[in-house]
Amino acid sequence: MFANLDFDVIRRALPYLFYEGMTFTLTLTALAALGGLVFGTALALMRLSGYKILGRIAGVYVDFMRSLPLVLVIFWFYFLVPYIGQWVTGASRPISVGAFASSLITFIMFEAAYFSEIMRAGIQSISRGQPAAASALGLTYAQTMRYVVLPQAFRNMLPVLITQTIVLFQDTSLVYVLSITDFLGAASKVAQRDGRLVEMYLFAAVVYFTISCIASFGVRRLQARIAIIR
Amino acid sequence: MNYHWNWGIFFEPNPMGTGNYLDMLLSGLVLTLKTGALAWVIALITGSLVGVMRTLPSKGANWFGFAYVEFFRNMPLLVQLFLWFFVLPELLPKAAGTWLKQLPNAPFWTAAIGIGFFMSARVAVQLQAGIGSLPRGQKMAATALGLTTVQAYRYVLLPMAFRIILPPLTSEFLNTIKNTAVAITIGLLELTGQARSMQEFSFQVFEAFTAATILYLLVNAVVVTAMRFLERWVAIPGYITGK
């Protein structure tokens, strides 16, 4: 079954796969998770704020993003971002932003919807007495959020946030539809060039599986540790 | 924005000669729904089996369920589809591999099966959580009534657990439909695929993707409404999901 497989092709492709591909994948994952978390937290705060209109806007945004397939969103932003860039900079024609910027913006905007729901649950898990105590101490709303509510919400939600980041790590493989050289893109390019689809795709599967497995094992340990403290 | 809008594009004939561009998108929608439906049936059946295995007293069944879920959850869906589509036919005996490659509608069957198994791991986790959330007394009462394990699951635990997890199952169903878009990579011309080819033929990027977006939103609205009815219909009075 594996007799006519040539695993040497993987060894030769390793530098390309990891320096080009995996670097792109991991950078995209890390920056998108960070950006998505910041933007998502802002969305969560909007939904929980007293201003109905802000909550409504954030709610529509989140529902909208979560109703669409990621692939479609990737296409949307790929074509939309140059026009937005043109509009923002006032240039005379759509500006080219490059594969990385375009996919980063896509994932930040898309993941923010998911992170915002996690953060909303996190903020709602903080007991009412906490913000009440904070305002009794004379903290403003912003200070209450900054010093009292959000740190605890982040902490409570850390396992879920990391799990979502693992999902994000796997989802970044979908930039394949834009022919970007992320890890899977690199594997696929080698596969097509050398006609070694089986070896390359099997190897890609093993690498994604190993990384995700280690990360989710870490999450379980983290969960256990947090559970003891509470 | 110096983009040339043309909303009339939908009623212009498409280059495939199969009617206009709108017909093209609608045929994509039908394929999305078909793939999603078949994938969901696979996901629900295998997911339920594995979910039950994870709650059985047997260590072996637990271990199998755990391994199954980890296997399907820790690989990107796209990679899994590639494994089914490109790798599996090569690893099978030659005759079987050739048969598989020559199967008509291969992208459709691959997508439905691939997405089905991918989602089954998620269904399994939900069901496990649902069974786990039932009070211990339910299982004990079933045993006390003289029900076998199979009967206890069939008549007591599963009907309760499925009712509890109906809302998350709705999201998983929607995810299954959305995930069919990934099959664009193995050449399935579902809704996103048709929007993409419409864009490539007509250069009307935003009209094509707007139409696809609206169709996805409609599907979402229909599914959510239908599931809300289902939830009300199966609700047990006085219990968690009832009033």
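Everything numeric here is computed off the predicted structure, so don't read it as measured data. Values below: all heavy atoms of this structure, side chains included; hydrogens, waters and symmetry mates excluded. Residue numbers start from 1 in every chain, and the chains themselves are labelled A, B, ... in the order their sequence lines are given, proteins ahead of strands.
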Chemist: Does B:Tyr216 reach the side chain of A:Leu72, with side-chain heavy atoms less than 4.5 Å apart?
Modeler: yes
Chemist: Below 30° counts as parallel, above 60° as perpendicular, anything between as tilted: where do the rings of A:Tyr83 and B:Phe206 land?
Modeler: perpendicular
Chemist: Can you tell me how far the CD atom of A:Gln170 sits from the CZ atom of B:Phe118, to the nearest 0.5 Å?
Modeler: 6.5 Å
Chemist: Nearest 0.5 Å, what's the OG1-CE distance between A:Thr210 and B:Met75?
Modeler: 9.0 Å
Chemist: Check the surroundings of atom CZ in A:Arg220: do more than 12 heavy atoms from other residues, nucleotides or ligands lie under 6.0 Å from it?
Modeler: yes
Chemist: Can you tell me which portion of A:Leu174 sits under 4.5 Å from chain B's heavy atoms? Options are side chain, backbone, both or neither.
Modeler: both
Chemist: Heavy-atom cut-off 4.5 Å, strictly under: side chain, backbone, both or neither for A:Ser173 against chain B?
Modeler: both
Chemist: At a heavy-atom separation under 4.5 Å, does B:Val205 approach chain A through its side chain, its backbone, both, or neither?
Modeler: side chain
Chemist: Between A:Tyr201 and B:Val79, which heavy-atom pair has the shortest distance, and what is it?
Modeler: O-CG1, 4.4 Å
Chemist: Is the count of non-hydrogen atoms from other residues, nucleotides or ligands lying under 6.0 Å from A:Tyr78 atom OH greater than 12?
Modeler: no
Chemist: Atom CH2 of residue position B:Trp7 - does it have more than 12 heavy atoms of other residues, nucleotides or ligands inside 6.0 Å?
Modeler: yes
Chemist: How are the rings of A:Tyr176 and B:Phe82 set relative to one another: parallel (under 30°), tilted (30 to 60°) or perpendicular (over 60°)?
Modeler: perpendicular
Chemist: What's the verdict on side-chain contact (heavy atoms from CB on, under 4.5 Å) for B:Phe86 and A:Val198, showing C-alpha distance, side-chain angles and the deciding distance?
Modeler: CA-CA 7 Å; B:Phe86 296 115; A:Val198 175; over 6 Å; no
Chemist: Is it true that atom CZ of B:Arg228 has more than 12 heavy atoms of other residues, nucleotides or ligands lying nearer than 6.0 Å?
Modeler: no
Chemist: To the nearest 0.5 Å, how far apart are OG in A:Ser67 and CG in B:Leu174?
Modeler: 7.5 Å
Chemist: With a 4.5 Å heavy-atom cut-off, do B:Gln199 and A:Phe75 have their side chains touching?
Modeler: no
Chemist: One pair to check against side-chain contact (heavy atoms from CB on, under 4.5 Å): B:Thr185 and A:Val177. What are the steps and the verdict?
Modeler: CA-CA 7 Å; B:Thr185 54; A:Val177 296; 3.7 Å; yes
Chemist: Side chain, backbone, both or neither: which part of B:Gln80 has a heavy atom under 4.5 Å from chain A?
Modeler: neither
Chemist: Can you tell me how far the CZ atom of B:Phe209 sits from the CG atom of A:Leu68, to the nearest 0.5 Å?
Modeler: 11.5 Å
Chemist: Measure the shortest side-chain to side-chain distance between B:Ile184 and A:Val71 over non-hydrogen atoms and say whether it is less than 4.5 angstrom.
Modeler: yes
Chemist: Within the supplied structure, the quantity of interest is the number of heavy atoms (other residues, nucleotides, ligands) at a distance under 6.0 Å from A:Lys189 NZ; does it exceed 12?
Modeler: yes
Chemist: Counting distance only, does the side-chain N/O of B:Lys178 pair as donor-acceptor with the main-chain N or O of A:Arg66 below 3.5 Å?
Modeler: yes
Chemist: Look up atom CZ in B:Arg73 and atom CD1 in A:Ile166, then write down how far apart they are to the nearest 0.5 Å.
Modeler: 8.5 Å
Chemist: With a 4.5 angstrom heavy-atom cut-off, which part of B:Leu83 approaches chain A: side chain, backbone, both or neither?
Modeler: side chain
Chemist: Please report the interatomic distance OG1(B:Thr210) to CH2(A:Trp76), rounded to the nearest 0.5 Å.
Modeler: 3.5 Å
Chemist: Taking A:Phe209's backbone N and O only, do any of them form a donor-acceptor pair with B:Glu70's side chain (distance below 3.5 Å, no angle check)?
Modeler: no
Chemist: Between A:Pro69 and B:Asn179, is any pair of side-chain heavy atoms under 4.5 Å apart?
Modeler: no
Chemist: Do you know which of B:Leu191, B:Asn175, B:Thr213 has the most heavy-atom pairs with chain A at a distance under 4.5 angstrom?
Modeler: B:Thr213
